[in-house]
*Asks:* 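I'd like to ask you about the structure that follows.
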Number of protein chains: 2
Amino acid sequence: MTSEALARALNTNPVVVRRLMGGLREHGYVHSEKGHGGGWTLSCQLDRVTLRDIYEALDAPRLFAIGNRSEKTECLVEEAVNDAMSGVLADATAQLLARFGQITLAALHADFHQRLAARHAPATLCK
Amino acid sequence: MTSEALARALNTNPVVVRRLMGGLREHGYVHSEKGHGGGWTLSCQLDRVTLRDIYEALDAPRLFAIGNRSEKTECLVEEAVNDAMSGVLADATAQLLARFGQITLAALHADFHQRLAARHAPATLCK
DNA sequence: TCTCATGTAACTTCATGTGTTGCTAGAGTG
DNA sequence: CACTCTAGCAACACATGAAGTTACATGAGA
């Protein structure tokens, strides 16, 4: 499948797709080929890859919208608050990643097919 | 203490301070007075207010940097992923708020004083 | 009446993520 | 060999939301 087609399905731009897929390729989850007839192909087993793997392949973007204004500070109040927050956020991060680590692409795939069957529609891309 | 002084201590602007403190005032955590000699005064017991209370008084801003692109979608793949993510994020939110709910301002206050003692310095504002 | 404070709306700035353009390089086709 | 189709990539443009700023109104002492 080409970046072009994926972009249409995702309502976005081919370049954005390539940017994202680049991370997945580096980790061997997908393979890309240039030129005529090229595009992207899956190169992993869906039950061996989790949302956590995807997240990490995508360079582990920021998870939280909140956080310390600065890691280093002279202010003892800020220091106390930072310490409290850091602990909580670290734990939350660990919990999130653990949960993501339990969700395989195979599970999502199965879920998708179940929804598809419920809708009595043929399997096509959204757009 | 005036918004002006707080802003200096926080390296920010008096108006930003007022915006934030406004939420705290509405919940009765602080009290403000206009005019000469006015400013902000604490009006709660530190051991009765938690970070969670503060968070909610501040109108519960977004916690996560990640999330569904759209709640409603025609795309069954997106739907499956959204469902998986929503569950995880809801749990993480609950966990975070629970943790914040256990951290009282009194605890932070005590932590601050401990750091202060360790530094053998008098208690002053950062700036 | 003057000064000092908050209250608030409107605007500006900044950071970040997303989208876009333009170009390069590789790979099949005629 | 020229052409077309594809990814790769850098550079730029745009959108969004948070933070900061300005300007002015209001209230409260001095």
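Values in this document were obtained by computation on a predicted structure and should not be read as measured data. Every chain is numbered from 1 and lettered A, B, ... according to where its sequence line falls, protein lines coming before strand lines.
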*Asks:* Can you tell if the side chain of Cys44(A) reaches within under 4.5 Å of the side chain of Val30(A), non-hydrogen atoms only?
*Replies:*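 They are not in side-chain contact.
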*Asks:* Which value, rounded to the nearest 0.5 Å, describes the distance between Arg52(A) atom CZ and Thr104(A) atom OG1?
*Replies:*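 It is 15.0 Å, given to the nearest 0.5 Å.
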*Asks:* Under 4.0 Å between a side-chain N or O of Thr2(A) and OP1 or OP2 of dT6(D)?
*Replies:*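 Indeed not, no polar side-chain atom of Thr2(A) lies that close.
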*Asks:* Just do the side-chain hydrogen bond (donor to acceptor under 3.5 Å, both in side chains) check on Trp40(A) and Ser3(A) with the steps written out, would you?
*Replies:* CA-CA 7 Å; Trp40(A) 301 91; Ser3(A) 308; 2.8 Å; yes
*Asks:* Assuming nearest nucleotide by heavy-atom distance, tell me which of His36(B) and Pro61(B) is located more 5' along DNA chain D.
*Replies:* Pro61(B)
*Asks:* In whole Å, what is the span from the CZ atom of Phe64(A) to the P atom of dG17(D)?
*Replies:*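 Rounded to whole Å, this separation is 21 Å.
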*Asks:* First locate atom CE of Met21(B), then atom CG of Leu58(B), and finally report the distance between them rounded to the nearest 0.5 Å.
*Replies:*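 Met21(B) CE to Leu58(B) CG: 10.0 Å, rounded to 0.5 Å.
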*Asks:* Can you tell me how far C1' of dA28(D) sits from CD of Glu33(B), to the nearest Å?
*Replies:*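 Taking CD of Glu33(B) and C1' of dA28(D), I get 9 Å after rounding.
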*Asks:* So how far is it from His31(B) NE2 to Glu33(B) CD, rounded to the nearest 0.5 Å?
*Replies:* 4.0 Å
*Asks:* Distance check needed: dT4(D) C1' versus Lys34(A) NZ, whole Å only.
*Replies:*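 After rounding, the gap between these two atoms is 15 Å.
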*Asks:* What are the 5'-most and 3'-most nucleotides of DNA chain C lying under 4.0 Å from any heavy atom of chain A?
*Replies:* dG17(C) to dG28(C)
*Asks:* For a salt bridge (charged side-chain N to carboxylate O under 4.0 Å, His left out) check, start with the C-alpha distance between Arg115(B) and Asp83(A), then their side-chain angles and the critical distance, and finish with the verdict.
*Replies:* CA-CA 12 Å; Arg115(B) 291 168 194 271; Asp83(A) 270 21; 2.8 Å; yes
*Asks:* Pull out every residue in residues 12-30 of chain B that has a heavy atom closer than 4.0 Å to any atom of DNA chain C, ordered by number, or say none.
*Replies:* Val15(B), Arg18(B), Arg19(B), Arg25(B)
*Asks:* Gly37(A) near the nucleic acid: base, sugar-phosphate alone, or nothing, with a heavy-atom cut-off under 4.0 Å?
*Replies:* nothing
*Asks:* Is there side-chain contact between Phe64(B) and Leu96(A), with heavy atoms separated by less than 4.5 Å?
*Replies:*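 Phe64(B) vs Leu96(A): side chains touch.
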*Asks:* Counting distance only, does the side-chain N/O of Asn82(A) pair as donor-acceptor with the main-chain N or O of Ser70(A) below 3.5 Å?
*Replies:* yes
*Asks:* To the nearest angstrom, how far is Arg69(B) atom CZ from dT16(D) atom P?
*Replies:*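 Roughly 12 Å, once rounded to whole Å.
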